[in-house]
**Q** 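One structure, as structure tokens, below. Some questions next.
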Amino acid sequence: MTADIARRHTQQRQVVLEELRKLTSHPTAAELYEIVRRRLPNISLATVYRNLEFLTKMNVIQKLETSGSKARFDGDVSSHYHVRCTRCGRVDDIHGLPADLVGGEVSNFTSYEILGHRLEFVGICPECGRRQEEDDVTNVS
Ligand SMILES: [Zn+2]
Ligand SMILES: [Zn+2]
């Protein structure tokens with residue numbers, strides 16, 4: 001019986017991890033829950049959340065601590081920067097930027113021993129930009 005429960009827990013964690021790694025959208029726990037539920041109909045949001053916290057602690061995934069919005073999760077733990085749309089909240093990766101954009105410089109300005117940094121770009125995503133243009137056209141005509 002106990003072995004069954006342990007097996008189920010491992011399976012749930014595996015599914016949460018697999019589904020997160022398939023996505024590049026940096027989902028919130030609630031968004032990922034909707035996807036995981038298709039494979040595990042009995043899983044709860046609390047379980048998905050607990051697994052995400054656990055996987056974050058194990059450094060298998062990363063939690064994006066972004067300003068003022070719900071925590072989002074990333075199956076890609078390589079160091080890369082993110083850009084967040086201020087309209088719809090979508091978060092995308094920025095590829096090709098040097099991973100240590102400001103880390104080296106900052107030690108010139110503080111006596112802290114710097115362990116890392118969080119840098120988030122904000123902007124308007126292509127879809128929201130397009131929607132804006134369409135609204136403008138509608139308003140003119
Ligand atoms: Zn947007
Ligand atoms: Zn990312």
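In listed order, ligands and their atoms are each counted from 1.
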**Q** With 2.8 Å as the threshold, which protein atoms of type N, O or S lie near the Zn ion (ligand 2)? Leave waters out.
**A** H26 NE2, D74 OD2, H80 NE2, H82 NE2, D93 OD1
**Q** What is the minimum heavy-atom distance between R72 and G89, and which atoms define it?
**A** NH2-O, 3.1 Å
**Q** Among the clusters formed by ILVMFWY side chains lying less than 4.5 Å apart, do V36 and L45 turn up in the same one?
**A** yes
**Q** Applying salt bridge (charged side-chain N to carboxylate O under 4.0 Å, His left out) as the test, list every pair that has at least one member in residues 11-27; sequence neighbours left out.
**A** E18-R39, E19-K22, E19-R39
**Q** With clusters defined by side-chain heavy atoms of hydrophobic residues (ILVMFWY) lying less than 4.5 Å apart, directly or transitively, does L23 cluster with L64?
**A** no
**Q** What I want to find out is whether E133 reaches R130 closely enough, with some N-O distance under 4.0 Å, to be called a salt bridge.
**A** no
**Q** Tell me, which protein N/O/S atoms are under 2.8 Å away from the Zn ion (ligand 1)?
**A** C85 SG, C88 SG, C125 SG, C128 SG
**Q** Would you please classify the geometry between the Y81 ring and the F121 ring as parallel, tilted or perpendicular, with 30° and 60° separating the classes?
**A** perpendicular
**Q** Taking side chain to side chain contact (heavy atoms under 4.5 Å, CB included) as the definition, give me every residue that meets it alongside T10, ordered by chain and number, with sequence neighbours left out.
**A** none
**Q** Using the rule that two of Ile, Leu, Val, Met, Phe, Trp, Tyr join whenever any of their side-chain heavy atoms come within less than 4.5 Å, decide whether M58 and V77 are in one cluster.
**A** no
**Q** Assess whether side chain to side chain donor-acceptor pair (under 3.5 Å) is satisfied between H82 and D93, documenting all intermediate values.
**A** CA-CA 5 Å; H82 294 103; D93 293 330; 3.1 Å; yes
